[in-house]
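Structure, as structure tokens:
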Amino acid sequence: MPEDILVAIAWPYANAEIHVGNITGSHLPGDIVARYHRLKGNRVLMVSGTDSHGTPVTLKADALGKPVEAVYKEYHAGFLELFRQLGITYDLFTTTHTENHFKVAQSVFLALKENGFLFTQKSMQWYSPAAKRFLPDRYVEGTCYICGADGARSDQCDACGNVLEPEKLINPRARTGDGALELRETEHYYLDLSKLEPEVKEFLRQRAGRMRETVLGESLGKIEAEGLKPRPITRDLDWGIPVPVEGWEGKCLYVWFEAVIGYLSAPIEWSRLNGQEKAWHAWWVNPAARQFYFIGKDNIFFHTSLWPAELMGAGEQFMKIFAGETGRLTVPYDVPANQFMNLEGQKISGSRNWAVWGRDALRRYDPDALRYYLTVNMPELRDTDWDWADFVARNNNELVATWGNLANRVLSFCYKHWEGQVPAVDPEALRPADRDLLAVIEAGFDSVGRELEAVHLRAALQEAMRLASEVNKYLDAAAPWFQIKTDKDEAARSIYTALRAIDSLKVMLAPFLPFTCQRLHEFFGYEQPLFGEQYTETVRDALGEHTVLRYRGVEAVQWRPSELPPGAKLNPPAPLYKKLDESLITEERARLGKEPQAN
RNA sequence: GGCGAGGUAGCUCAACGGUGGAGCAGGGGACUCAUAAGCCCUUGGUUGUGGGUUCAAGUCCCACCCUCGCCA
């Protein structure tokens, strides 16, 4: 019975390029899980998009002297290119700046309002008469009224560590250079999270068994200690989603509230693009659907507490308002958040160019080499470190030596001695040692699968690599290069066994290494590809047009042991991976912290 | 500052309160099909620091130090 799996990935913000930390933090783990479930024959929908709204994007546009829309689209286009090259197979990667997302987000807002979870409150905020805009607290700095230190942010002083009341800040000034500031009264909608606290706690307790320690501590632990407090969900901004209430012109939905709604609006857009209006119900109005959210640790609270609160608060009212239908929205199944990846011992920093940028790295390295290192080093339980020497070592000693060499040594030996065909061995005639190896390898569909189900991706890849090593040991014991001199039938049985083991391992490794496993798949002579293909499409709506990344899948259950037909014709094999030269370690280290090259 | 997570071999990570392990790197060996890859054997550790509980502590408790995240 196929399952409905939603793979929801954090929406990258439209004011910076994507680096290896972002990739290993959310996009790559999501893609691995999505590919695994597709191979299992499950119905997978993997979505994300560019978070196009909010103050940081408008400030970036100011700094560049360009229209906001042009800035978000530039980053968006870069994201699409990266995901295609790296094989991050989004069924839909869209943006928050679409007519559809506006309508969905506004419907969630109205549902919460009708259900009594919103209230309005007036407050004083810093306003720039010159720039004619209110400034968010973190863009206002001045002298701390508690310790007297200069350079305090209006909401917090880093010198004394106190949380500040913004209107008490002394000598306030805009960090954006917007000139003198004055206090003005403004009014905003608040989400009354205190009313939803019991439901959120219950939601988290039900998931305590499978959620990671880090994720639970950051959500349930905090709520139990501090409770959930109301939080504003609107802002004085003109770039964003208008508040759908009369008299509230000039105000927008706060990005923290609105961007997460993309997990719901993207599946709806995907359904429309496919001409199947209600297809999204399979993942969103279906209690049996499993939703996985792939995010970094900085985003945990938003996804484990605020987003479920929005969904539970909107309740059945959302379906009524949005589509005139009945039904309850599905809530997240798991939020396997990752920690952070550092770079050569220091925090990744875009502004200092202390980063390995995704698109830049792909100019010099194969996608699977990057995917391999980012998976074995994924920060699942704690922060990890990208180290160029380690990257070279793991590529050469593990990916090339253990797995790539295994495939190459067997395929080329076979191709040379059996005229480009799988030896025509009767599978019934296999010896005990052959059967033992195949049993060990085929058990991997369970053991690797179990780790993938639990989103233990490092362990899953490690297990698959351990199995590859078992095939190397088998070959050493069987030694077909000796057998062939005395008894070619014996050698044929050994090579057939090894080929079948490799053919199975190819499937287990495919979620991690999709490009090279597909090549290997072709060496074996298969016609049907392992995965579908990515493509882009331009969508027009009332807001203009936007380009989306999509995925056209293939129908097949391929997560199962190889049934390699004896005598099948092979294609000429070649090495799957490149050995990397150690000289690149110094070259890459020299790049760090320098001015970025022109793209 | 408050809250949360983490600190284990040179590196990356494991270890229901019960003899601290694995992979890679390092050292040695036999082989040669393969990208000098693979296979066998092997050297590495006062588990951040200081106390405590216990027959027994990496694991539980207290204090401190360091790293990272959040402050709704």
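Chain A is the first sequence line, chain B the second, and so forth, proteins listed ahead of strands; every chain is numbered from 1.
The number of heavy-atom neighbours closer than 6.0 Å to NZ of Lys578(A), taken from other residues, nucleotides and ligands shown, is 12 or below. Within a 6.0 Å sphere centred on CD of Gln291(A), other residues, nucleotides and ligands contribute more than 12 heavy atoms.
A donor-acceptor contact shorter than 3.5 Å links the side chain of His303(A) to the backbone of Asn299(A).
Within residues 464-492 of chain A, the residues that have a heavy atom under 4.0 Å from RNA chain B are, in order of number, Ser469(A), Asn472(A), Lys473(A), Asp476(A), Trp481(A), Phe482(A). Residues from residues 293-311 of chain A placing a heavy atom under 4.0 Å of any atom in RNA chain B, listed by number, are Lys297(A), Asp298(A), Phe301(A). Near-neighbour residues of RNA chain B inside residues 401-414 of chain A, defined by a heavy atom below 4.0 Å, number-ordered: Ala401(A), Asn405(A), Asn408(A), Arg409(A), Ser412(A), Phe413(A).
Only the P atoms considered, G7(B) is 13 Å distant from U49(B), to the nearest whole Å. Here, U42(B) and U35(B) have their C1' atoms 27 Å apart, quoted to the whole Å. If you take atom P in G18(B) and the same atom in A56(B), they sit 14 Å apart, rounded to whole Å. Comparing G1(B) with G58(B), their P atoms sit 30 Å apart, to the nearest whole Å. A30(B) and U47(B) have their P atoms separated by 38 Å, with the value rounded to a whole Å. Taking atom P in both C24(B) and C39(B), the straight-line distance is 8 Å, to the nearest Å. Distance check on atom P: G69(B) versus C61(B) gives 26 Å, rounded to whole Å. Atom name P, nucleotides G4(B) and A63(B): the rounded distance is 12 Å, in whole Å.
Looking at heavy-atom distances under 4.0 Å, Ile495(A) makes no contact with the nucleic acid at all. Residue contacts for Lys578(A): at a heavy-atom cut-off of 4.0 Å it reaches no nucleic acid atom on any strand shown.
Both Glu213(A) and Asn342(A) lie close to RNA chain B; mapped to their nearest nucleotides by heavy-atom distance, the more 5′-ward contact belongs to Glu213(A).
For Phe391(A) and Trp386(A), the ring centers sit closer than 6.0 Å to each other. Centroid-to-centroid, the aromatic rings of Tyr415(A) and Phe523(A) stay 6.0 Å apart or farther.
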Taking only distance into account, with no hydrogens and no angle test, what donor-acceptor pairs under 3.5 Å do side-chain atoms of residues 209-216 of chain A form with protein atoms, sequence neighbours excluded?
from: Arg210(A); atom 1: NE; to: Tyr333(A); atom 2: O; distance (Å): 2.8
from: Arg210(A); atom 1: NH2; to: Tyr333(A); atom 2: O; distance (Å): 3.2
from: Arg212(A); atom 1: NH1; to: Pro336(A); atom 2: O; distance (Å): 3.4
from: Arg212(A); atom 1: NH1; to: Ala337(A); atom 2: O; distance (Å): 2.8
from: Arg212(A); atom 1: NH1; to: Asn338(A); atom 2: OD1; distance (Å): 3.0
from: Arg212(A); atom 1: NH2; to: Val455(A); atom 2: O; distance (Å): 2.9

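Between the side chains of Tyr577(A) and Trp403(A), at least one donor-acceptor pair of N or O atoms lies under 3.5 Å. Between the side chains of Tyr373(A) and Asp390(A), at least one donor-acceptor pair of N or O atoms lies under 3.5 Å. A donor atom on one side chain and an acceptor atom on the other are found under 3.5 Å apart for Glu463(A) and Ser447(A). Judged purely by distance below 3.5 Å, without hydrogens or angles, the side chains of His53(A) and Glu258(A) pair a donor atom with an acceptor atom. For the residue pair Ser494(A) and Arg431(A), a side-chain donor N or O sits within less than 3.5 Å of a side-chain acceptor on the partner.
For G4(B), the O4'-C1' to base torsion is more than 90° from 0; the nucleotide is therefore anti.
The side chain of Lys416(A) contributes an N or O atom lying less than 4.0 Å from OP1 or OP2 of A34(B).
Rounded to an integer number of Å, the gap from Leu216(A) CG to C70(B) P is 19 Å. In this structure, Trp256(A) places its CH2 atom 12 Å from P of C71(B), rounding to the nearest Å.
Each of G4(B), A25(B), U35(B) was ranked by its minimum atom distance to the side chain of Asn397(A); first place goes to A25(B).
Summarising the geometry of Ile23(A) relative to Gly358(A), their closest heavy-atom pair is CD1-CA, 3.9 Å, with the distance given to 0.1 Å.
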Task: From CA spacing to verdict: side chain to side chain contact (heavy atoms under 4.5 Å, CB included), Trp11(A), Tyr263(A) - done: CA-CA 9 Å; Trp11(A) 290 50; Tyr263(A) 300 122; 3.4 Å; yes

Task: Dot-bracket encoding per residue of RNA chain B, Watson-Crick/G-U cut-off under 3.5 Å, | denoting interstrand - done: (((((((..((((....[..)))).((((.........)))).....(((((..]....)))))))))))).

List every contact pair, protein side and nucleotides 9-16 of chain B side both N or O, where the distance is under 3.5 Å.
from: U12(B); atom 1: O2'; to: Arg458(A); atom 2: NH2; distance (Å): 2.9
from: C13(B); atom 1: O5'; to: Arg458(A); atom 2: NH2; distance (Å): 3.1
from: A14(B); atom 1: OP2; to: Arg382(A); atom 2: NH2; distance (Å): 2.6

